[in-house]
Amino acid sequence: MTTIYVAPNVKQQSVELSDGSRGEVEAETEGAGQTRYSFDFNYHLHPSFWVDRPLKNGMTVNVQTLDGPEKFQIELR
């Protein structure tokens with residue numbers, strides 16, 4: 001499992017992962033006030049994905065890819 005270190009309440013930010021890689025997170029407001037968090041990683045080391053629910057410290061996100069599943073944990077800083 002790879003941990004993504006995210007600052008809460010920041011709409012667009014550069015993030016660091018527990019394996020030393022980096023990425024970007026962008027929060028976009030969707031219809032009905034719902035927020036979508038889009039995760040995109042440098043050099044394609046990890047798959048891009050989005051989360052349509054509030055980010056919580058310690059939450060896990062399972063991402064299915066062509067290469068198999070990958071699991072991420074969100075750590076709010």
Side-chain angles (χ1 to χ4, degrees):
M1 178 168 28
T2 305
T3 302
I4 306 170
Y5 304 105
V6 180
N9 304 319
V10 177
K11 286 201 167 275
Q12 188 171 4
Q13 61 185 293
S14 180
V15 293
E16 185 176 333
L17 285 72
S18 59
D19 64 3
S21 62
R22 299 196 62 78
E24 302 291 324
V25 177
E26 184 174 356
E28 304 171 40
T29 302
E30 301 286 316
Q34 183 177 358
T35 301
R36 170 176 280 181
Y37 297 91
S38 299
F39 292 79
D40 189 32
F41 302 101
N42 299 350
Y43 310 113
H44 305 289
L45 294 175
H46 300 286
S48 297
F49 64 91
W50 68 85
V51 175
D52 285 336
R53 60 187 188 273
L55 298 181
K56 295 185 180 180
N57 195 45
M59 76 184 287
T60 59
V61 179
N62 296 305
V63 179
Q64 295 297 325
T65 72
L66 294 175
D67 297 326
E70 190 163 353
K71 190 173 190 176
F72 296 94
Q73 182 175 27
I74 305 297
E75 185 175 311
L76 301 178
R77 291 189 159 183

Which atom of E75 lies closest to which atom of N57, heavy atoms considered: CA-OD1, 3.4 Å
Closest heavy-atom pair and its distance - R77, P8: O-CD, 3.1 Å
N9 atom CG: more than 12 heavy-atom contacts under 6.0 Å: no
Nearest non-hydrogen partners of P47 and E70, listed with the distance: CD-OE1, 2.9 Å
ILVMFWY cluster, V6 and M59 together (side-chain gap under 4.5 Å): yes
Nearest heavy-atom neighbours spanning A27 and T35: CB-CG2, 3.9 Å
Nearest heavy atoms of Y37 and P54, plus distance in Å: CE1-CA, 4.3 Å
same_hphob_cluster(V15, L76) at 4.5 Å side-chain heavy-atom cutoff: yes
Closest approach of S14 to R22 (non-hydrogen atoms, all atoms of both residues): OG-NH2, 3.1 Å
S21-D19 side chain donor-acceptor pair, cut-off 3.5 Å: yes
Whether Q73 side chain and M1 backbone form a donor-acceptor pair below 3.5 Å: no
Atom pair CD/CZ of Q34 and R53 - distance to nearest 0.5 Å: 11.0 Å
Candidate list F39, F49, W50, test ring pair (Phe, Tyr, Trp, His ring centres under 6.0 Å), partner F72, passing option: F49
Test side chain to side chain contact (heavy atoms under 4.5 Å, CB included) applied to S48 - qualifying residues, sequence neighbours left out: D40
